[in-house]
Amino acid sequence: MTRKAGQELPSLQELLKGRLLTVKEVAERLNTSERFPRRLIEERRITFVHVGRNVRIPEAALDAFIAAGVVPAITLDGYEGGRAA
């Protein structure tokens, strides 16, 4: 998970309170192939849990990963129109 300035990462206890999702469930939620969440795990970009030989991703960790990638829209406050030079 990447952290932007001013964003707090959830504690380990908060991450483990919710559901543990399979790689397939994470891929479906992200609308990607299963390879993408596996790559996130391999690159240690998302928190995961080993359950025996299986890997699970806490739902809170997935929510935090998605929130970290949100790019806010540009507001029109102060927009004067026209073209950039």
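Keep in mind that this is a model prediction, so the values were computed, not measured.
How far OG1 of T32 is from CG of L40: 8.0 Å, rounded to the nearest 0.5 Å. Between the CG atom in N54 and the CZ atom in F48 there is a gap of 13.0 Å [rounded to 0.5 Å]. Put simply, CD1 on I46 and CD1 on I66 are 8.0 Å apart, with the number rounded to the nearest 0.5 Å. Here the straight-line distance linking atom CD1 of I57 with atom CZ of F65 works out to 9.5 Å at 0.5 Å rounding.
Heavy atoms only, all atoms of each residue included: R29 and L21 are closest at NH1-CD1, 4.3 Å. Nearest heavy atoms, V23 versus P37: O-CG, 3.9 Å. A27 and S33 get closest at one heavy-atom pair: CB-O, 3.5 Å.
With I41 as reference, V55 is the one residue of T47, V55, V26 to meet the side chain to side chain contact (heavy atoms under 4.5 Å, CB included) rule.
Contact check on R38 versus E34 returns a salt bridge, with a Lys/Arg side-chain nitrogen under 4.0 Å from an Asp/Glu carboxylate oxygen.
Listed by chain and residue number, R35 satisfy the salt bridge (charged side-chain N to carboxylate O under 4.0 Å, His left out) test with E42 (two or more places apart in sequence, or in another chain).
Looking at E25, its side chain does come within 3.5 Å of a backbone N or O of T22 through a donor-acceptor pair.
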